[in-house]
Amino acid sequence: MNRRKFASNLSLATLSGLLGTRIVFANKAPNGYLPIALQDPDPFALFNKDKRMVVLNDKPWNIEAKAHLLNDKVTPNKYMFIRNNGRIPDTIDAKSWTLVIDGESVKNQKTYTLRELKAKFKHYTYQLTLECGGNGRSEFNPPAKGNQWTVGAVSCANWTGVRLRDILADVGVKNDAMYVGYHAADTHLSGDPNKEPISRGVPIAKAQQEETLLAFQMNGEDIPIAHGSPLRLVCGGWPASASGKWISRLSVRNKVHDGAKMGGSSYRVPCETVAPGSKVAEDDMCIIESMPVKSLITYPKSGALIKLDKSLLINGHAWAGELEVHNVEYSIDFGSSWSTCTLEKPINRLAWQHFKAVINFPKKGYYEVWARATDSKGISQPMVLPGWNPKGYLNNACHRIAVKVV
Amino acid sequence: MDDNLEKHRKQLIRPILLFLVLILLLFGGLFYVKHNPKILQSTETVVTKSFEEGEEEIVDGIHIETGFVEDEHMQLVIQNCTSCHSAKLVTQNHMSEEGWKATIKWMQETQNLWGLGENETKIITYLAKNYGPETKGRRENIEVIEWYELK
């Protein structure tokens with residue numbers, strides 16, 4: 001080790017020492033860049049997340065929950081997953097924030113301040129399920145590209161805001177309106193100011209639903225920065241990427257919105273099912289709309305040891321995109337037989353539903369408790385992985401926990 | 001009498017020691033700054049300096065700063081693949097040579113990734129070798145991190 005090297009290591013060490021933390025990736029920080037580690041060394045403190053949340057990626061921030069952290073009926077911020085495609089905007093001024101409504105199919109282009117939006121339109125609160133389209137991606141074989149989400153990229157919080165349809169009525173929408181696309185304040189990872197990291201949206205019919213909100217509150221408080229403050233589009237039951245964060249402009253389009261991450265294999269799956277590992281042409285990919293039926297056992301945590309003379313209470317949530325869940329069953333014999341769980345009605349459309357069951361095990365041994373939900377059209381979760389697709393979306397295979405009876 | 005002398009000696013020894021320590025700190029500090037002038041500049045400069053020289057700590061075959069597997073062409077991958085997103089987005093993934101090639105092409109066409117020239121094959125070789133596809137079957141065994149007694 002030469003002396004210059006030693007000196008530079010020493011200075012870095014000194015700096016780390018001063019801050020009481022290690023500077024991760026400092027050697028790759030571009031010139032003039034103050035690492036986020038220096039602004040706040042701890043993502044859990046930065047975003048008010050529980051320490052048991054799992055960081056999949058630290059630039060950009062992608063953080064998921066574990067099944068047992070999602071036991072609350074209404075997901076609190078500390079257990080809510082974070083998915084970012086770009087950099088979180090570093091300056092957000094709610095006072096001067098404006099929302100522009102434009103596009104080919106808008107009658108009168110308008111700009112609202114946040115205050116005007118709040119004052120002019122009626123407020124609604126709904127509990128809405130938001131699941132990342134790629135939740136469960138890590139299980140696909142051959143592996144699918146992207147952040148390797150396991151089960152924790154789902155949440156169901158209370159969102160308060162104004163209905164998008166009320167705003168659309170105010171600006172007037174032409175008959176040829178097909179899609180509403182969003183534009184937001186996050187910035188592209190390459191630093192290119194002319195490039196949007198993500199600009200997706202929903203067909204006009206979804207935009208016109210009662211529960212589709214432009215939200216300014218989450219769980220009764222201003223939306224946290226990582227979840228889209230001050231204004232977030234919330235389209236429950238659809239891939240969470242349709243629920244754009246930091247919204248500054250909505251375009252009413254006379255065609256399918258063509259923003260970033262609307263094409264290629266992003267948030268799209270083969271229109272016709274394909275063999276695992278197949279190459280799929282762009283034209284043969286279709287946009288994901290409603291998410292499929294799914295459930296999660298949130299209690300107990302996988303790995304429980306219980307006594308033979310004790311019964312086991314399990315509980316969790318089930319959701320089905322645009323649909324309602326009709327029943328949830330559990331199996332302790334690898335799907336050979338199924339028993340019915342108690343299932344609650346959703347508090348409102350597009351909110352997840354809670355299930356529970358009490359299980360008595362016949363003898364000692366290793367068990368897996370599997371849960372399987374069925375939607376209002378009679379479609380159930382598969383026990384193995386569903387159809388492979390290039391980006392590993394829509395894995396709604398049964399959730400399983402391991403239990404040993406001793 | 002002897003006692004008194006001893007007392008005086010004790011009284012003197014503290015300021016002398018303190019003085020010596022101060023001298024040592026002053027000269028030590030000057031010496032350090034002389035050989036490492038950048039300490040007086042902003043934090044960014046310190047960080048950048050380290051960037052130029054690279055930190056090479058490898059433990060159990062893993063490059064500590066990034067988490068990359070140490071192997072031929074790792075430096076090329078660090079230089080080209082960690083400025084937009086962290087290495088974690090790379091190391092989470094497993095792809096064949098063809099898959100990595102397609103991912104790079106996708107980033108070049110849509111995400112502002114620059115041309116990699118003759119380094120491209122080297123980078124792809126490294127990635128496909130160390131982050132190649134694993135076979136998982138249709139459903140893996142449940143991995144239990146820790147068994148615990150449920151009360």
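Keep in mind that the numbers below use all heavy atoms, side chains included, and drop hydrogens, waters and symmetry copies. Proteins come first, then strands; the chains are lettered A, B, ... in the order of their sequence lines, and each starts at number 1. A quick note: this is a predicted structure, and the numbers were derived from the prediction, not measured.
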- prompt: Highest number of heavy-atom pairs under 4.5 Å with chain B: which of A:P197, A:G303, A:A402?
  reply: A:G303

- prompt: Quick one: what part of B:E140 sits under 4.5 Å from any heavy atom of chain A, side chain, backbone, both or neither?
  reply: backbone

query: Heavy-atom distance under 4.5 Å to chain B: side chain of A:A144, backbone, both or neither?
result: backbone

task: Please flag which part of A:P142 lies under 4.5 Å from any non-hydrogen atom of chain B: side chain, backbone, both or neither.
output: neither

task: Take A:N141 and B:R138 through the side chain to side chain contact (heavy atoms under 4.5 Å, CB included) test and state the conclusion after the steps.
output: CA-CA 7 Å; A:N141 178 37; B:R138 198 86 194 189; over 6 Å; no

- request: Sort out for me which of A:K195, A:Q148, A:R400 touches chain B most, counting heavy-atom pairs under 4.5 Å.
  value: A:R400

field: Per-residue contact mode, A:K66 against chain B (heavy atom under 4.5 angstrom)
entry: neither

field: Interface residue of largest heavy-atom contact number with chain B, from A:G146, A:S265, A:P276, A:P390, under 4.5 Å
entry: A:G146

message: Are more than 12 heavy atoms, taken from residues, nucleotides or ligands other than B:N141, located less than 6.0 Å from that residue's CG atom?
response: no

field: Crowding at NZ, B:K136 (>12 non-hydrogen neighbours, <6.0 Å)
entry: yes

field: Nearest atoms (heavy-atom pairs only) where B:T82 meets A:K59
entry: O-NZ, 4.3 Å

Taking every non-hydrogen atom, the tightest pair across A:V55 and B:K88: O-CE, 4.3 Å

message: Quick check on A:V403 against chain B: is it the side chain, the backbone, both or neither that has a heavy atom closer than 4.5 Å?
response: backbone

message: What part of A:P386 gets within 4.5 angstrom of chain B, counting heavy atoms only: side chain, backbone, both, or neither?
response: backbone

task: With a 4.5 Å heavy-atom cut-off (strictly below), which parts of residues 106-121 of chain B touch chain A? List them by number.
output: B:W106, B:T110, B:Q111, B:N112

Engaged part of A:K404 at the chain B interface, taking heavy atoms whose separation is under 4.5 Å: both

task: Kindly compute the distance separating CG (A:N62) from NE2 (B:H85), expressed to the nearest 0.5 Å.
output: 11.5 Å

message: Let me confirm one number: the CG-NZ distance from A:L305 to B:K151, rounded to the nearest 0.5 Å.
response: 10.5 Å

task: Indicate yes or no: at least one non-hydrogen side-chain atom of B:N93 is less than 4.5 angstrom from one of A:P143.
output: no

field: Proximity breakdown for A:K301 and chain B, heavy-atom pairs closer than 4.5 Å
entry: both

- prompt: Most heavy-atom pairs under 4.5 angstrom with chain B, which of A:K307, A:R137, A:H188?
  reply: A:H188

- prompt: With distance as the sole criterion, is a donor-acceptor pair present between the side chains of A:N57 and B:S86 under 3.5 Å?
  reply: yes

message: Do the side chains of B:R139 and A:E139 get close enough for a salt bridge, i.e. N-O under 4.0 angstrom?
response: yes

- prompt: So, for B:W147 and A:A304, which heavy atoms are closest and what is the spacing to 0.1 Å?
  reply: CZ3-O, 3.8 Å

Minimum heavy-atom distance between B:Y148 and A:P300, given as atom pair plus value: OH-CB, 3.6 Å

- prompt: Considering only heavy atoms, which portion of A:K145 lies under 4.5 Å from any heavy atom of chain B: side chain, backbone, both, or neither?
  reply: both

message: Would you say NZ of B:K101 has more than 12 non-hydrogen atoms from neighbouring residues, nucleotides or ligands within 6.0 angstrom?
response: no

message: Quick check for you: to the nearest 0.5 Å, what is the distance between B:L150 atom CG and A:Y299 atom OH?
response: 4.0 Å

message: So for A:I401, is it side chain, backbone, both, or neither that comes closer than 4.5 Å to the heavy atoms of chain B?
response: backbone

message: So for B:E98, is it side chain, backbone, both, or neither that comes closer than 4.5 Å to the heavy atoms of chain A?
response: side chain

- request: Considering non-hydrogen atoms only, spot the tightest contact between B:V144 and A:S302 and give its length.
  value: CG2-OG, 4.4 Å

